[in-house]
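All remarks here apply to the structure that follows.
Small disclaimer: the values here were computed from a predicted structure and weren't measured. Just so it is clear: chains get the letters A, B, ... in the order the sequence lines come, proteins before strands, and each one is counted from 1.
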Amino acid sequence: MSRYNARVVEPKWQQAWEQANVFKAEPDTTREKYYVLEMFPYPSGRIHMGHVRNYTMGDVVARYKSATGLNVLHPMGWDAFGLAAENAAMDKGIHPATWTFQNIADMKDQLKPLGFSLDWSREIATCHPEYYRHQQAMFIDMMDKGLIYRKNAVVNWDPVDMTVLANEQVEAGRGWRSGALVERRELTQWFFKISDFSEELLGALDGLDNWPSKVRLMQENWIGKSRGLQFSFERTDGGDPIEVYTTRPDTLMGASFVGISPDHPIAKAMEAENPDLAAFNIEARKGGTTEEAIETAPKLGFDTGLKVRHPLNPDWEMPVWVANFILMEYGTGAIFACPAHDQRDLDFCRKYDLPVIDTFFALDDATPVANTAFVPPKTDTVQWIDHFAGLDQATGQDAVDATIEFAEKAGWGKGVTNYRLRDWGLSRQRYWGCPIPVVHCPSCGIVAEKKENLPVELPQDVTFEMPGNPLDRHPTWRDVPCPSCGQAAKRETDTMDTFVDSSWYFARFTSPRADTPTVMADAQYWMNVDQYIGGIEHAILHLLYSRFFARAMNLTGHLPDTAVEPFNALFTQGMVTHETYATEGKGGRPVWRTPDEVVLGDKGATLRETGEPVEIGPIIKMSKSKKNVVDPEDIIDQYGADTARWFVMSDSPPERDVEWTASGAEGAWKHLQRVWRLTDEISEQGDDGAVDVALEKATHRAIDEVTKGIDGFAFNKSVAKLYEFTNALAKSSASGGPRRKAMRTMAQLMQPMTPHLAEEIWQTLGGDGLVTQAAWPIADPAMLVDDTVTLPIQVNGKRRSEIMVPKDMPKEEVEKLVLADDAVIKFLAGAPVKKLIVVPGRIVNVVV
RNA sequence: GCGGGCGUGAUGGAAUGGUAGACAUACCAGACUUAAAAUCUGUUGGGCCUUGUGCCCGUGUGGGUUCGACUCCCACCGCCCGCACCA
């Protein structure tokens with residue numbers, strides 16, 4: 001008997017696939033296509049179990065769809081720009097390009113042994129000039145279409161590293177690397193006009209039926225549409241009126257004061273003559289952006305001394321306060337406060353002793369507001385005390401609509417729709433990113449680079465010993481003639497946010513070597529991505545930016561109208577988790593230990609080398625910092641790729657986290673070995689022409705259920721059905737012929753998950769060609785039904801007995817059999833039957 | 001605070017209105033073995049007794065709808081995720 005040796009078998013089949021070129025995708029308009037894509041990886045240099053799970057899911061889909069006859073595109077590339085390469089350059093003195101390309105090579109070496117059905121001929125890396133030159137070309141096209149502009153924006157500035165920091169790089173107000181206090185600094189930055197698409201991006205979410213509703217909801221909230229009234233308050237001193245925006249104009253009679261942001265032009269203008277206000281504003285702007293900071297930040301206010309008149313009653317004057325909770329970026333940067341119906345306003349008014357005026361009550365309770373604002377859902381009907389638009393009882397929503405109409409008719413306000421979504425700032429003051437192809441000319445101003453001069457390539461000769469952007473201090477790179485007038489000019493030194501790179505790579509995959517960003521015919525054929533698979537962490541930014549970019553590419557002629565919504569179906573997979581292990585270090589602080597270092601025994605865990613006790617911690621996402629990682633390479637060395645693939649597909653539903661356990665991996669391996677032993681045993685049996693109905697039925701049930709599992713993204717169920725099928729086949733007393741046939745079907749059904757073992761079985765049992773290229777088996781509906789069924793019998797909803805009946809026995813006869821059943825007679829105890837429910841083929845319920 | 005999700009044996013999970021616990025892991029017992037590993041077979045939600053084709057209880061808690069509820073509805077408890085001073 002031969003033992004299955006994955007180390008020999010797996011490379012053999014990978015070579016066979018490569019030689020037969022089976023994963024190469026060619027457009028073929030006579031065939032229906034299927035584009036499956038997993039979010040491409042950042043080339044950190046090491047693959048991890050999360051990658052294995054993500055890419056195995058995509059591979060299962062790709063291999064299955066291919067077997068069903070579709071022309072599958074399943075490409076792979078690298079999200080290769082980004083900060084980590086610059087950090088490596090600073091830490092180790094390696095050039096970002098060297099570091100990145102080495103990592104790509106290393107990761108490719110680690111990925112290949114997993115046997116994914118990838119078309120490597122379409123590989124792309126976003127840091128390659130052959131990729132980013134097209135990004136630059138599209139940038140220029142988008143500039144021409146008015147989709148890109150420049151404006152001042154506040155950034156986190158690290159004065160020591162002389163660089164802009166992302167929000168997550170600011171820790172407790174300090175730069176994560178330098179430790180310097182971070183400053184807010186205004187810089188002129190480039191922006192995509194994504195806000196022009198707010199309504200479009202929101203409305204189109206409705207059509208994304210095959211996206212998780214969770215993701216759609218997150219995007220909806222992120223876009224944050226609201227409808228309200230914009231109007232202005234006249235000032236008693238005759239100064240510029242204060243324009244406010246409110247979503248609750250119906251509460252205008254409950255106004256207590258007008259609040260403006262510390263960044264509001266009026267507040268800023270007053271700083272000059274009012275040092276107290278200037279000091280207040282500095283304090284108010286400080287507030288951190290962390291969760292706790294916001295939750296615990298006290299509501300602070302400063303009375304400007306200004307007064308405004310109520311728009312409906314000129315005799316009603318109210319004060320203007322600067323308040324730290326009002327954002328300049330949203331609405332008009334100014335509000336009117338209605339403390340009776342807004343908790344935040346109420347807290348503020350109680351603190352500064354401002355009036356609180358009720359405007360409506362619940363229908364059954366007219367108690368004035370004390371310290372809890374009355375904020376019913378907008379759909380609730382409430383009673384109004386004195387509504388200026390003449391309402392007595394109405395829902396909040398109706399009142400808002402009526403008020404907007406009233407104000408518009410009276411001419412003192414207008415209905416306005418606001419969105420939370422802000423324009424996408426794409427400037428990064430960094431080296432390792434796509435250069436923005438723009439030149440600053442002293443006479444012509446901002447001029448786009450000529451397309452024939454693309455790519456604007458990153459200079460190779462840069463150093464990272466000094467802080468700041470290497471492009472800024474490069475001796476010659478910036479110096480170029482103006483593309484328009486030819487006189488000496490300077491290049492833009494900002495590079496693009498790496499989210500730009502990942503916003504169109506899926507389109508580039510459709511024609512990865514073309515001279516233009518895309519080729520219409522190819523995009524027309526391959527787009528959209530039929531199944532996109534990736535992490536939930538990209539639910540908002542990456543997916544929203546990509547949806548915007550597809551529209552922008554369409555407007556600039558780079559994508560067809562049919563591809564503005566680029567991902568037909570989205571699946572977000574769970575993480576791979578593992579127990580954490582720690583020994584006690586100095587001062588009781590945990591010293592994290594890798595699973596390799598730990599032995600799990602009956603009396604708890606101990607350290608392999610010293611026997612020191614080990615504390616078993618919570619099961620969390622595999623991460624380097626907690627050392628709870630299992631290296632896919634080690635698993636492949638020990639068990640082979642198929643075991644790793646099988647394990648990550650089994651047990652947990654794919655959208656949930658899966659816990660990696662040594663025993664689980666071992667179990668997966670044992671099962672594959674068992675399937676092989678069974679194959680071996682069958683191969684020694686003769687190939688007779690016998691027929692075994694029971695085994696045939698089991699086979700068709702397996703085909704049916706495994707297929708349903710894959711179709712429904714329930715790979716764990718497919719795996720369970722394959723276990724069942726294996727058990728059935730192992731126990732079957734059928735002769736060699738039927739068993740051989742069943743095992744060949746097993747190989748086909750296993751192929752998407754464990755392709756190497758499947759090929760080996762297929763070959764051993766005389767399958768034709770490669771199982772990877774074999775047509776997916778189809779279940780015969782006639783084989784899925786049994787002639788007799790077991791009907792459970794319930795008495796008053798409790799299962800008491802069961803009967804075997806032919807599957808299509810008429811109801812009346814079933815009823816007779818049921819009433820004659822011993823157990824039924826016993827439980828009826830002579831009581832009359834009130835009702836007899838027969839669900840054909842399923843169940844019978846006798847009600848007394 | 002707002003929005004969303006989840007809660008089933010020792011464990012991962014299955015069952016989306018019709019026999020709760022498929023399948024797997026772990027554990028235990030048996031076979032094989034000098035022994036161990038591997039493999040194979042079997043048991044395993046809890047309780048009760050009269051040990052049966054037995055009875056009672058059981059899907060976070062309490063209620064409701066239904067002939068029938070893990071599944072649908074209401075309230076509560078717990079955990080997880082996302083967003084957040086958005087006017």
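- OP1 or OP2 of B/C57 lies within a sub-4.0 Å distance of a side-chain N or O belonging to A/K798.
- Atom CZ of A/R344 and atom C1' of B/C86 are 8 Å apart (whole Å).
- A/N716 has a side-chain polar atom (N or O) that falls below the 4.0 Å cut-off from OP1 or OP2 of B/A14.
- Taking atom P on both B/A29 and B/A36, the two are 12 Å apart, rounded to the nearest angstrom.
- Whole-Å rounding puts the A/K621 NZ to B/C81 C1' distance at 14 Å.
- Note on ring orientation: taking the six-membered ring where Trp is involved, the planes of A/H310 and A/F233 are perpendicular (angle over 60°, cut-offs 30° and 60°).
- Distance CD1 (A/I793) to P (B/U53): 17 Å, rounded to an integer number of Å.
- Across the protein-nucleic acid pair, A/H671 atom NE2 and B/A38 atom P stand 18 Å apart, rounded to whole Å.
- Ranked by how close their nearest RNA chain B nucleotide is to the 5' end, A/Y419 and A/I540 are led by A/I540.
- The environment of A/R842 atom CZ is sparse: at most 12 non-hydrogen atoms of other residues, nucleotides or ligands sit within 6.0 angstrom.
- Below the 3.5 angstrom threshold, one finds a donor paired with an acceptor across the side chain of A/K299 and the base of B/C85.
- A glycosidic torsion no more than 90° from 0 defines the syn conformation, and B/G9 adopts it.
- For the C1' atom pair drawn from B/U44 and B/A10, the interatomic distance equals 10 Å after rounding to whole Å.
- Atoms CZ (A/R420) and C1' (B/G82) sit 11 Å apart, rounded to a whole Å.
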